[in-house]
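Below: one structure, written as structure tokens.
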Amino acid sequence: MVRAAPLEPRTLQWNYHHVCYRKRRIEALPRSWRAFWPPPSLTATRFRWPGRRALLVVIVMAGLGLGSPGVSVPHAAGASDAVRAQIAEAAAIKAEANRLALQYRGNPQGLRAAGRAGLVAGRNDATVAAFLQLGWARRQNAALERYGAMLGAVHEQQLVPAVAGIRYFASQIHNRLIHAGSGRLITVSLQGQQLIAFDQGRVIVDTLVTTGRPALPTDVGAMQVLRKDAPWTMKSPWPRGSADWYPDTPVQMVVWFTKNGEGLHDASWQPDATLGPGSQNGPYASHGCIHVPLSAVRILFNWAPVGTPVVVYPGDGSPVANQVAQQSVDALGNPTSGLRGD
């Protein structure tokens, strides 16, 4: 029997390339000789894997594709920022779901109420972000609404992750909002008749207020501090005899946020106890300005430089599109609604 001459020796690692090399050399032999050198089996070959860096990427991607709960490697080498963010989000929502399952065990009504409260807060913050034209808010709000759509779930197994997702994304929207830009922000909720001022995430002022009456509502949208005066006398822009006329009214300090007469100011004629929800429909409702307790407006006057954003928003917890549709200022924050006053 005639044997083929042995293959010339080469120093190769036992890997896939070596298997392919041997296979090509054997196939080049005469057909009658190939039986003596059958193609090597891939399953019997010891492979050398590409390396730990690539292996970690494979594991992370496999975990994402299969939804394996055991994969939680937010800093896997080679993974993109988007992949790491998705892994971190999934882990945070899962942790929150576990906590909620224990806290609301046997109390689905309480769990659903917590979810609704989170959805309202998230929508309101997302509305402020939309008025400020913060692009990142679109994705966060879309995720919030996806989980919000699950609140009608009958089974607690579905309700728990829904509430966990709502709370996670509502928190993300809020935290990013109050640290955006310079970190200084004044927000006013018309529904809550509440003003909150933030400085790098820290609450500077949190107070009840009174905004404009139904006939002369405070403008809605993103505005900014334009100037400050102390003291100041409010003068009616409407002539005597008009239904909206009022006599000259002195105030101690004003933080103006529009050019048509809207500002944050004290109102000595209004008892502090009458501030808050519903007061925009009462006897002390303003002509468009925002009545603030003197102690609070003093802080705002000294703290807020010209240019500080002032965002007035509906605050009714409806979807962002519904609230944004009520905007009454242009892209530069100039009201399109007409004159306002005290």
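Note that the numbering runs from 1 along the sequence shown for the chain. Side chains are part of it too, since the values below use all heavy atoms of this structure and drop only hydrogens, waters and symmetry mates.
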ILVMFWY cluster, Val292 and Val254 together (side-chain gap under 4.5 Å): no
Side-chain donor/acceptor of Asn175 to backbone N/O of Ser171, under 3.5 Å: yes
Donor-acceptor side-chain pairing of Asp244 and Ser242 below 3.5 angstrom: no
Positive for side-chain contact (heavy atoms from CB on, under 4.5 Å) with His265, one of Val251, Leu294, Thr249, Val255: Val251
Candidate pair Gln252 and Ser268, rule side-chain contact (heavy atoms from CB on, under 4.5 Å), full reasoning: CA-CA 9 Å; Gln252 294 197 36; Ser268 59; over 6 Å; no
Linked, directly or transitively: Val220 and Leu226 (ILVMFWY side chains, under 4.5 Å): no
Closest non-hydrogen atom pair, Pro309 against Arg184: CD-O, 3.3 Å
Spacing of CD belonging to Gln194 relative to CG belonging to Leu208, to within rounding of 0.5 Å: 6.5 Å
Side chain Gln193, main chain Leu190, donor-acceptor under 3.5 Å: yes
Arg176-Gln172 side chain donor-acceptor pair, cut-off 3.5 Å: no
Between CD1 on residue Ile204 and CD1 on residue Ile186, distance to nearest 0.5 Å: 10.5 Å
Separation between CG of Asp272 and CD of Gln270, rounded to the nearest 0.5 Å: 8.0 Å
Arg138 atom CZ, neighbour heavy-atom count above 12 within 6.0 Å: no
Charged tip of Arg202 within 45° of Trp303 ring normal and under 6.0 Å: no
Could you pull out all donor-acceptor pairs under 3.5 Å where a side-chain atom in residues 315-322 meets a protein atom, sequence neighbours excluded?
unit_1 : atom_1 : unit_2 : atom_2 : d
Asp316 : OD1    : Ser318 : N      : 3.0
Asp316 : OD1    : Ser318 : OG     : 2.7

Exercise: do Gln191 and Asn124 side chains pair donor with acceptor under 3.5 Å: no
Trace of the side-chain contact (heavy atoms from CB on, under 4.5 Å) decision for Phe131 with Gln323: CA-CA 10 Å; Phe131 280 137; Gln323 297 194 55; 5.6 Å; no
Val83 backbone acceptor or donor facing Ser80 side chain under 3.5 Å: yes
Contact check, side chains of Pro335 and Asn260, non-hydrogen atoms, under 4.5 Å: yes
Minimum heavy-atom distance between Val329 and Gly221, given as atom pair plus value: CG2-CA, 3.9 Å
side-chain contact (heavy atoms from CB on, under 4.5 Å) between Val188 and Thr211, worked out: CA-CA 9 Å; Val188 179; Thr211 59; 4.1 Å; yes
Contact summary for Gly212 and Thr218, nearest pair of heavy atoms: N-OG1, 2.9 Å
Nearest-0.5 Å distance, CG of residue Asp266 to NE2 of residue His291: 9.0 Å
Listed partners of Ala230 passing side-chain contact (heavy atoms from CB on, under 4.5 Å), at least two apart: Met253, Phe301
Worked verdict on Thr210 versus Gln280 for side-chain hydrogen bond (donor to acceptor under 3.5 Å, both in side chains): CA-CA 6 Å; Thr210 294; Gln280 70 273 34; over 6 Å; no
Distance-minimising heavy-atom pair for Tyr168 and Ala92: CE1-CB, 3.5 Å
Residues in side-chain contact (heavy atoms from CB on, under 4.5 Å) contact with Thr187, at least two apart in sequence or another chain: Val128, Leu185, Ile196, Phe198, Tyr313
Geometric class of the Trp256/Trp232 ring pair [parallel <30°, tilted 30-60°, perpendicular >60°]: perpendicular
Which atom pairs, donor and acceptor, lie under 3.5 Å between side-chain atoms of residues 146-161 and protein residues at least two apart or in another chain?
none

Test item: Gln224 side-chain N/O and Val306 main-chain N/O as donor-acceptor pair under 3.5 Å: no
Trp245 to Trp238 - nearest heavy-atom pair and separation: CD1-O, 3.0 Å
Cluster link Leu264 to Leu275, ILVMFWY, side chain under 4.5 Å: no
Linked, directly or transitively: Met223 and Val205 (ILVMFWY side chains, under 4.5 Å): yes
Minimum heavy-atom distance Ala137-Ala129, with the two atoms named: CB-CB, 3.6 Å
Whether Ser337 side chain and Ser328 backbone form a donor-acceptor pair below 3.5 Å: no
Non-neighbouring partners of Asp125 that pass side chain to side chain donor-acceptor pair (under 3.5 Å), sequence neighbours left out: His174
Side-chain touch Glu96/Ile93, heavy atoms, less than 4.5 angstrom: no
Side-chain donor-acceptor contact under 3.5 Å, Asp248 with Thr233: no
Partners meeting salt bridge (Lys or Arg N to Asp or Glu O under 4.0 Å) with Arg298 (sequence neighbours left out): none
Gap between atom CG of Leu195 and atom OG of Ser189 - 0.5 Å precision: 10.0 Å
Joint hydrophobic cluster, Val310 plus Leu134, side-chain heavy atoms closer than 4.5 Å: yes
Point-to-point distance, once rounded to the nearest 0.5 Å, from CZ of Arg139 to CD1 of Ile173: 10.0 Å
